[in-house]
Amino acid sequence: MTGKPTGVRGYEYGDDHITVFFKSGSVYTYTLSSCGGAHLANMKRLANAKRGLNTYLTKNKPPFASKY
């Protein structure tokens, strides 16, 4: 295994959103309206690849629609 362990526990997404579940217990939802199509597409691609999503979120800080 290379790199650092991820802070992402899981995710789920639909056409216009992605919800990211973090190991800390935080849950963020990013929508097409909140962060735009490019960010949303990148997050879905990285989630499917199971690598890089946490790094992407940390570096790019896309605006989220909700957090709990």
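All residue numbers in this chain count up from 1 along the given sequence.
Separating the CG atom in L40 from the CE atom in M43 is a distance of 5.5 Å, to the nearest 0.5 Å.
Following chains of ILVMFWY side-chain contacts shorter than 4.5 Å, one can reach L46 starting from L32, so the two form part of one hydrophobic cluster.
Put simply, the side chain of T55 never gets that close to the backbone of G52: no donor and acceptor are under 3.5 Å apart.
V20 places a side-chain heavy atom less than 4.5 Å from the side chain of L53. Side chains of H39 and Y30 form no contact here, defined as non-hydrogen atoms less than 4.5 Å apart.
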Check: residues 11-18 side-chain donor-acceptor pairs under 3.5 Å, at least two apart:
residue, atom, partner, partner atom, Å
Y11, OH, A47, O, 3.2
Y13, OH, N48, OD1, 3.1
Y13, OH, N48, ND2, 2.8

In residues 60-68, what donor-acceptor pairs under 3.5 Å come from side-chain atoms, sequence neighbours left out?
residue, atom, partner, partner atom, Å
N60, ND2, Y56, O, 3.0
K61, NZ, T58, O, 2.7
K67, NZ, Y28, OH, 3.4

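With sequence neighbours left out, S33 forms a side-chain hydrogen bond (donor to acceptor under 3.5 Å, both in side chains) with no residue at all. Listed by chain and residue number, F21, K23 satisfy the side-chain contact (heavy atoms from CB on, under 4.5 Å) test with R9 (two or more places apart in sequence, or in another chain).
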